[in-house]
Amino acid sequence: MEENTQDKAYDYAHRNTDRDARRSSVSRYNRYRHPDKAYEDMVESLRMSYADREIPVSSDETLCVVCMLARLKGARDILELGTATGVSGTALLGSLPEAKLTTIERREDFLAKAQENFSKAGLKARAECILGDAGAEIQRLLKEGKSYDFIFMDCAKVQYIKYLPVLKNLLRPGGVLVADDVLIYGWATGENKVPQKRHMLAQHIQEYIDAVTADEDLYTAVLDQGDGLAVSIRLR
């Protein structure tokens, strides 16, 4: 399943987070693992092939922590916002053989590649891929009465604060919501100065952190893994 790393078919300009973004002090210990070494190698090969082309993909440490949280929860129904090319979905479904994934992506080219990757990994029957705007789609899912025990949000960061009320209602009591990249580039921690053109992005991320940690219906911890994970449990 190894991809041609010279293929520049995607036009998404994305900083290669494997090479120059912030790392936690324990990142060298945290990597995605699977009982089947061939599956583990497949996920890493996919992950690196997209990282090399600067296509958005979770770090090895992020996959490790997110999949561990999903396994601890024993997740059966997973919602993902931001499919990209399906690497995180492939890792999650590989970690939870009984789980089903609903994943939303707004880019048709990304979603087509994700569907191809799911099929090659034998996951097609367990992955429902939705092409569309995440905000509109989660509203539709809520109206349809859907609910999930694990939600992974890794989409447009400026929308996190807007999506939070809907995601709370989609999350079952005791369910887990994980928001990725909340410490992006060290801006929220003060490690690095926010570039002038990124003030709005940094502000929206900070608003999400403030809201989710103050919400009395959620129990939240911000973890310094990957580019920062806000992990929330719905209490009621």
Side-chain angles (χ1 to χ4, degrees), residues 17 21-27 29-30 32 56 58-59 61-82 88-89 91-92 95-96 99 101-104 134-135 137-139 141-142 146-192 194 198 200-236:
T17 55
R22 68 189 298 280
R23 292 177 180 271
S24 79
S25 60
V26 293
S27 62
Y29 302 119
N30 299 331
Y32 175 76
S58 296
S59 70
E61 180 174 38
T62 297
L63 290 182
C64 169
V65 176
V66 171
C67 290
M68 175 178 286
L69 292 168
R71 291 187 70 174
L72 285 170
K73 173 57 189 171
R76 292 297 187 99
D77 296 297
I78 301 172
L79 174 63
E80 178 183 47
L81 279 62
S88 52
L92 278 163
S95 298
L96 296 150
L101 171 72
T102 299
T103 184
I104 305 168
E137 293 301 327
I138 60 175
Q139 289 280 6
L141 292 171
L142 185 60
K146 301 294 177 61
S147 64
Y148 304 89
D149 50 21
F150 193 89
I151 299 175
F152 181 43
M153 181 164 57
D154 188 17
C155 54
K157 315 309 168 194
V158 296
Q159 301 295 341
Y160 280 16
I161 185 65
K162 177 181 176 182
Y163 295 164
L164 179 58
V166 184
L167 295 181
K168 274 181 59 179
N169 287 324
L170 283 169
L171 193 64
R172 297 168 186 161
V176 178
L177 166 63
V178 179
D180 197 11
D181 299 322
V182 296
L183 303 180
I184 189 167
Y185 304 140
W187 298 339
T189 60
E191 297 168 64
N192 295 308
V194 180
R198 296 294 188 176
M200 187 64 72
L201 172 59
Q203 178 183 330
H204 283 304
I205 293 174
Q206 189 61 57
E207 287 172 355
Y208 179 82
I209 294 174
D210 292 343
V212 80
T213 53
D215 195 311
E216 294 183 356
D217 294 328
L218 301 171
Y219 187 73
T220 298
V222 177
L223 307 183
D224 187 10
Q225 262 80 50
D227 229 354
L229 298 168
V231 181
S232 306
I233 300 171
R234 181 177 168 183
L235 299 176
R236 49 182 179 269

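Nearest heavy atoms, R234 versus L218: CA-CD2, 3.7 Å. Of all the heavy atoms in S88 and L63, the pair that sits closest is CA-CD2, 3.7 Å. The two residues G89 and L101 come nearest to each other via the heavy atoms CA-CD2, 3.7 Å. Contact detail for Y32 and A91: the closest heavy-atom pair is OH-O, 3.1 Å. Minimum heavy-atom separation, I161 to E207: CD1-O, 3.7 Å. Taking both residues in full, the closest heavy atoms of L183 and G228 are given as CG-CA, 3.7 Å, listed atom of the first, atom of the second, then distance.
Rounding to the nearest 0.5 Å places CZ of R76 at 9.0 Å from CG of L96. The CD1 atom of I205 lies 12.0 Å from the CG atom of D210; values are rounded to the nearest 0.5 Å. Between the CG atom of L79 and the CD1 atom of I104 there is a distance of 5.0 Å, given to the nearest 0.5 Å. Rounding to the nearest 0.5 Å places OG of S25 at 6.5 Å from CG of D224. Note: L72 CG to C67 SG = 11.0 Å, rounded to the nearest 0.5 Å.
Here the side chain of E61 pairs a donor or acceptor atom with the backbone of G226 at under 3.5 angstrom. At distances below 3.5 Å, at least one donor-acceptor pair connects side-chain atoms of D149 with backbone N or O atoms of D77. K146 places no side-chain N or O within donor-acceptor distance of the main-chain N or O of I138, the cut-off being under 3.5 Å.
At a threshold of 4.5 Å between non-hydrogen side-chain atoms, the residues L177 and K168 do not count as touching. Using a 4.5 Å cut-off on side-chain heavy atoms (C-beta onward), E216 and L235 make no contact. At a threshold of 4.5 Å between non-hydrogen side-chain atoms, the residues V65 and V231 do not count as touching. The shortest distance between side-chain heavy atoms of L170 and S147 does not fall below 4.5 Å. Between L141 and Y148, the closest side-chain pair of non-hydrogen atoms falls below 4.5 Å. Inter-residue side-chain proximity for Q225 and T62 is flagged as unmet; no heavy-atom pair is nearer than 4.5 Å. Using a 4.5 Å heavy-atom cutoff, the side chains of D154 and V66 are not in contact. The side-chain heavy atoms of D215 and T220, taken from C-beta on, include no pair separated by under 4.5 Å.
Of the residues listed (I78, V176, I233), the one engaging K73 in a side-chain contact (heavy atoms from CB on, under 4.5 Å) is V176, and it is the only one.
Taking a 6.0 Å sphere around CZ of R172, one finds it holds more than 12 heavy atoms contributed by other residues, nucleotides or ligands.
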* Verdict with reasoning, V222 to V212, per side-chain contact (heavy atoms from CB on, under 4.5 Å) -> CA-CA 10 Å; V222 177; V212 80; 5.8 Å; no
* To do: Report the C-alpha distance between V178 and F150 in whole Å, list the side-chain angles of each, state the deciding distance to 0.1 Å, and finish with yes or no for side-chain contact (heavy atoms from CB on, under 4.5 Å).
  => CA-CA 8 Å; V178 179; F150 193 89; 3.7 Å; yes
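Partners of A179 under the side chain to side chain contact (heavy atoms under 4.5 Å, CB included) rule, at least two apart in sequence or in another chain, are M153, Y160, V182, Y208, A230.
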